[in-house]
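Structure first, then comments.
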Amino acid sequence: MGYMNQRVRRWEDTDAISLADAKSVSGASGEGDPVEVGARGTLLLDLTVSALGADTTLTVTVKTSKDGTTWRTIAAFTAATDAGAERKSFAGCDRYARADWALANGTTTATYSVSGDAV
């Protein structure tokens with residue numbers, strides 16, 4: 001896999017990753033499963049929300065860890081209030097990454113996925 005980095009005009013090698021495969025969630029919040037991304041420092045990720053409860057807001061936060069135990073937040077996707085997709089770049093990733101989720105308001109149910117490339 002790879003992509004053309006237009007900023008520096010060169011081909012970048014990438015590894016495909018998934019932090020959540022069509023994950024159905026309910027309740028207030030939860031932690032994603034850790035995924036080892038190795039020395040790749042940037043994640044180019046797509047959040048795809050396929051179902052969202054009425055009047056519910058889904059927030060997906062990408063976290064990283066050097067040891068898989070102590071986590072820090074890199075950034076979050078825009079809070080989703082309807083089905084749709086967003087692509088975002090997350091820099092400063094350590095050896096492990098995960099996608100945590102939080103639901104607010106409404107019926108607090110959602111189905112979503114987070115996948116993309118580690119650069």
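Heads up: numbering here begins at 1 and tracks the sequence.
In this structure, Val119 is not a member of the same hydrophobic cluster as Leu47, with clusters built from ILVMFWY side-chain heavy atoms closer than 4.5 Å. Under a hydrophobic-cluster definition in which Ile, Leu, Val, Met, Phe, Trp and Tyr are linked whenever side-chain heavy atoms come within less than 4.5 Å, directly or via other members, Ile74 and Leu19 are assigned to the same cluster. Follow the hydrophobic side-chain contacts under 4.5 Å out from Val25 and you reach Val60 in the same cluster.
Here CZ of Phe90 is found 11.5 Å from OG1 of Thr42. Values are rounded to the nearest 0.5 Å. In this structure, Tyr112 OH and Asp21 CG are separated by 10.5 Å, a value rounded to the nearest 0.5 Å. Note that the CG atom of Leu103 and the OG1 atom of Thr109 stand 7.5 Å from one another [nearest 0.5 Å]. Separating the OG atom in Ser115 from the CD1 atom in Ile17 is a distance of 8.5 Å, to the nearest 0.5 Å. Residue Thr111 holds its OG1 atom at 10.0 Å from CG of Leu58, rounded to the nearest 0.5 Å. Here CZ of Arg87 is found 8.0 Å from CG of Leu45. Values are rounded to the nearest 0.5 Å.
Side chain of Thr73 to main chain of Lys63: no donor-acceptor pair is present (N/O by atom type, distance under 3.5 Å, no hydrogens or angles). Remark: side-chain polar atoms of Asp67 are paired, donor with acceptor, to backbone N or O of Thr69 under 3.5 angstrom. No donor-acceptor distance shorter than 3.5 angstrom exists from the side chain of Ser65 to the backbone of Trp71, with no hydrogens or angles considered. A distance-only check finds a donor-acceptor pair linking the side chain of Glu86 to the backbone of Thr78 [under 3.5 Å]. Without hydrogens or angle criteria, Lys88 side chain to Ala76 main chain gives a donor-acceptor distance under 3.5 Å. In this structure a side-chain-to-backbone donor-acceptor pair under 3.5 Å is present from Asp100 to Gly32.
Closest non-hydrogen pair, Leu43 versus Cys93, comes out as CD1-SG, 3.9 Å. Ser18 and Val35 make their closest contact through O-CG2, 3.5 Å (heavy atoms, listed as atom of the first residue, atom of the second, distance). Closest heavy-atom contact between Leu52 and Ala80: CD2-O, 3.5 Å. Pairing each heavy atom of Gly92 with each of Thr64, the nearest pair is O-CG2, 4.0 Å. In terms of heavy-atom proximity, Ser113 sits nearest to Ala22 at CB-N, 3.5 Å.
Side-chain contact between Thr61 and Trp101 is absent, with no heavy atoms from C-beta onward closer than 4.5 Å.
Arg40 and Asp117 are not joined by a salt bridge, as no carboxylate oxygen comes within less than 4.0 angstrom of a charged side-chain nitrogen. The pair Asp94-Lys66 does not meet the salt-bridge criterion, since no charged nitrogen lies less than 4.0 angstrom from a carboxylate oxygen.
More than 12 heavy atoms of other residues, nucleotides or ligands shown are found within 6.0 angstrom of CG on Asp46.
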